[in-house]
Amino acid sequence: MSIFTREYFDNYRLEDLSSEIIESAERKLKVKLPTAYIELMNEQNGGELKLKKFVHNIFEDGFIEIDYLYGIGQKSGEGIIIDSYTRKEWGLSNKFIYLNGDSHNWIALDYRRYTGDNPPVVYIDTDTKQKLRIAEDFTEFISRLTEFEEQIQPDISNDYEEFAREEIEEALLNGWHKYHMTAGLHYYGLIDEDLNWFLTQMLGSIKRMMEIRYFEDHSTIDNYLNIIIDIIRKKKVDFNNYPQTKELFEILTNFPPTIDYNSMIRNKSLKIKRYLAMGQER
């Protein structure tokens with residue numbers, strides 16, 4: 001059984017592994033990666049985990065939740081190739097290879113006193129500087145992952161803050177309140193049966209942001225794409241049925257690289273566009 005969800009829209013899944021990618025990553029990181037890790041990445045090169053529960057009595061609750069594992073990237077900022085900004089910002093040592101992390105807590109391969117290809121796995125708290133060995137090697141680490149007990153999913157309509165339509169239209173028109181722009185569109189995308197208003201507002205907002213070209217707007221547009229993905233996942237919406245979709249993705253798949261960090265918007269929009277095309281073929 002795969003430990004990954006195999007979800008199509010998986011932000012942590014990288015392109016399929018090759019010997020060239022492995023060799024390049026090992027040169028950059030100056031380590032030999034564990035065979036068990038490479039074998040798992042050959043199955044799927046990083047991604048969201050189906051087995052999220054890591055069981056170990058070293059933790060107060062007897063477990064921690066691990067949502068994903070980084071894959072083997074080719075360039076800075078991809079998977080285990082942590083970019084220099086993140087390393088400096090959170091004081092991440094080059095003696096560790098980071099498999100998962102949220103700035104304050106990390107799961108990592110520990111090469112501090114190890115020169116082979118099968119190092120121990122540690123849990124790092126960057127606030128307290130505490131480093132706990134949680135597995136003797138990657139194989140043991142994987143063996144401790146299991147599924148959470150199934151829980152009843154709450155009604156999605158109770159999960160999101162309510163917004164007045166006029167309030168969202170004003171925020172989108174002025175571009176001054178990013179939270180209202182993204183959370184408001186998310187709310188209407190999930191509760192509104194007619195998505196014409198939603199897509200028209202999103203398209204207009206993207207066009208205005210592209211005219212101004214503020215660098216920080218790329219993260220807002222990335223959030224818009226995440227909203228579309230969430231609607232597809234939860235409502236099984238076929239966006240091919242809406243006339244705004246073609247223009248929306250024509251813009252986003254050709255997004256200007258000067259405001260698209262690591263081609264994040266282009267890559268994600270291309271993935272959604274390919275998914276929609278598969279729907280048309282079916």
Side-chain angles (χ1 to χ4, degrees), residues 1-26 29 31-56 59 61-74 77-82 96-102 105-110 117-123 134-153 225-226 228-236 264 267-268 270-279 281-282:
M1 181 179 68
S2 174
I3 70 167
F4 295 109
T5 62
R6 297 196 176 279
E7 167 67 47
Y8 180 85
F9 296 112
D10 184 339
N11 291 333
Y12 297 100
R13 184 172 185 171
L14 302 177
E15 68 175 88
D16 290 347
L17 207 54
S18 67
S19 58
E20 291 77 18
I21 292 174
I22 297 168
E23 290 166 9
S24 172
E26 290 182 330
L29 297 169
V31 299
K32 290 296 291 181
L33 294 168
T35 301
Y37 173 67
I38 292 173
E39 288 175 350
L40 182 63
M41 294 305 108
N42 271 314
E43 177 191 322
Q44 180 178 308
N45 194 10
E48 299 172 3
L49 295 177
K50 179 165 58 178
L51 307 183
K52 297 176 182 286
K53 187 176 182 179
F54 181 81
V55 180
H56 202 302
F59 299 109
D61 296 326
F63 69 91
I64 56 171
E65 184 172 350
I66 301 176
D67 291 329
Y68 61 86
L69 287 179
Y70 286 137
I72 303 175
Q74 297 187 69
E78 283 188 347
I80 59 174
I81 312 295
I82 304 292
F96 298 94
I97 303 303
Y98 300 90
L99 304 175
N100 169 285
D102 63 355
N105 302 291
W106 298 83
I107 305 294
L109 300 170
D110 184 359
D117 63 354
N118 201 30
V121 182
V122 293
Y123 173 85
I134 58 175
E136 293 303 311
D137 54 26
F138 187 79
T139 299
E140 184 193 341
F141 169 75
I142 292 299
S143 73
R144 288 180 174 273
L145 289 171
T146 186
E147 283 188 273
F148 276 104
E149 297 75 14
E150 205 159 321
Q151 297 178 344
I152 298 173
Q153 294 297 317
L225 290 170
N226 289 335
I228 290 175
I229 289 171
D230 198 40
I231 293 170
I232 291 172
R233 281 172 162 170
K234 291 179 177 175
K235 296 182 67 176
K236 312 301 181 188
M264 179 170 61
N267 291 342
K268 191 175 291 186
L270 279 167
K271 194 167 193 177
I272 299 172
K273 189 176 180 179
R274 284 195 295 268
Y275 180 85
L276 297 176
M278 287 190 297
E281 291 170 6
R282 290 194 299 268

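Model, not experiment: these values are computed from the prediction.
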Legend entry - Residues which pass side-chain hydrogen bond (donor to acceptor under 3.5 Å, both in side chains) with Arg274, listed by chain and number, not counting sequence neighbours: none
Inset, instruction - Could you tell me which non-hydrogen atom of Asn11 sits nearest to which non-hydrogen atom of Glu48, and how far apart they are? - result: N-OE2, 4.3 Å
Legend entry - Closest non-hydrogen atom pair between Leu109 and Pro119, with its separation: CB-CG, 3.9 Å
Legend entry - Stepwise side-chain contact (heavy atoms from CB on, under 4.5 Å) test for Leu14 and Ile81: CA-CA 12 Å; Leu14 302 177; Ile81 312 295; over 6 Å; no
Inset, instruction - Calculate, to the nearest 0.5 Å, the distance between atoms CD and CD1 belonging to Gln74 and Ile22 respectively. - result: 11.0 Å
Inset, instruction - Mind checking salt bridge (Lys or Arg N to Asp or Glu O under 4.0 Å) for Lys271 and listing every partner two or more places apart, or none if nothing turns up? - result: none
Inset, instruction - With the side chain counted from C-beta on, respond yes when Tyr98 and Ile107 share a heavy-atom pair under 4.5 Å apart, and no when they do not. - result: no
Considering only distance and modelled atom types, tabulate donor-acceptor pairs under 3.5 Å from the side chains of residues 35-43, sequence neighbours left out.
from: Tyr37; atom 1: OH; to: Tyr70; atom 2: O; distance (Å): 2.8
from: Asn42; atom 1: ND2; to: Ile38; atom 2: O; distance (Å): 3.3
from: Glu43; atom 1: OE2; to: Ser2; atom 2: OG; distance (Å): 2.9
from: Glu43; atom 1: OE2; to: Arg6; atom 2: NH2; distance (Å): 3.3

Inset, instruction - Kindly write out the residues that satisfy salt bridge (Lys or Arg N to Asp or Glu O under 4.0 Å) with Glu147, not counting sequence neighbours, or none if the list is empty. - result: none
Inset, instruction - Would you sort out whether Tyr12 and Leu69 count as a side-chain contact (heavy atoms from CB on, under 4.5 Å), showing the intermediate values? - result: CA-CA 7 Å; Tyr12 297 100; Leu69 287 179; over 6 Å; no
Inset, instruction - Please name all residues satisfying side-chain hydrogen bond (donor to acceptor under 3.5 Å, both in side chains) with Asp10, sequence neighbours left out, ordered by chain then number. - result: none
Legend entry - Minimum heavy-atom distance between Gly73 and Ile21, given as atom pair plus value: O-CG2, 4.0 Å
Inset, instruction - Check side chain to side chain contact (heavy atoms under 4.5 Å, CB included) between Arg144 and all other residues, then give those that pass, not counting sequence neighbours. - result: Phe54, His56, Glu140
Legend entry - Atom pair CD1/CG of Ile66 and Leu145 - distance to nearest 0.5 Å: 5.5 Å
Legend entry - Euclidean distance, Ile232 CD1 relative to Leu276 CG, rounded to 0.5 Å: 5.0 Å
Inset, instruction - Enter the distance from Phe4:CZ to Leu49:CG here, rounded to the nearest 0.5 Å. - result: 6.0 Å
Legend entry - Tyr68 (side chain) donor-acceptor with Gly101 (main chain) under 3.5 angstrom: yes
Inset, instruction - Kindly say whether Ile72 contributes a backbone atom to a donor-acceptor pair with the side chain of Asn45 at under 3.5 angstrom? - result: yes
Inset, instruction - Just jot down the side-chain hydrogen bond (donor to acceptor under 3.5 Å, both in side chains) partners of Glu26, sequence neighbours excluded, or say none. - result: Lys32
Legend entry - Under the salt bridge (Lys or Arg N to Asp or Glu O under 4.0 Å) test, residues paired with Asp16 that sit two or more places apart: none
Legend entry - Side chains of Asn100 and Trp106 in contact at under 4.5 Å (non-hydrogen atoms): no
Inset, instruction - To the nearest 0.5 angstrom, please state how far the CZ atom of Phe9 sits from the OH atom of Tyr275. - result: 6.0 Å
Legend entry - Minimum side-chain heavy-atom gap Phe141-Ile134 below 4.5 Å: yes
Legend entry - Any residue meeting salt bridge (Lys or Arg N to Asp or Glu O under 4.0 Å) with Lys53, in chain and number order, not counting sequence neighbours: Glu149
Inset, instruction - Would you please name every residue forming a side chain to side chain contact (heavy atoms under 4.5 Å, CB included) with Asp61, sequence neighbours left out? - result: Phe63
Legend entry - For Ser18, side-chain hydrogen bond (donor to acceptor under 3.5 Å, both in side chains) partners two or more places apart: Glu20
Legend entry - Separation between CG of Leu225 and CD1 of Ile272, rounded to the nearest 0.5 Å: 4.5 Å
Legend entry - Partners passing side chain to side chain contact (heavy atoms under 4.5 Å, CB included) against Lys273 (at least two apart in sequence or in another chain): Phe249, Glu250, Thr253
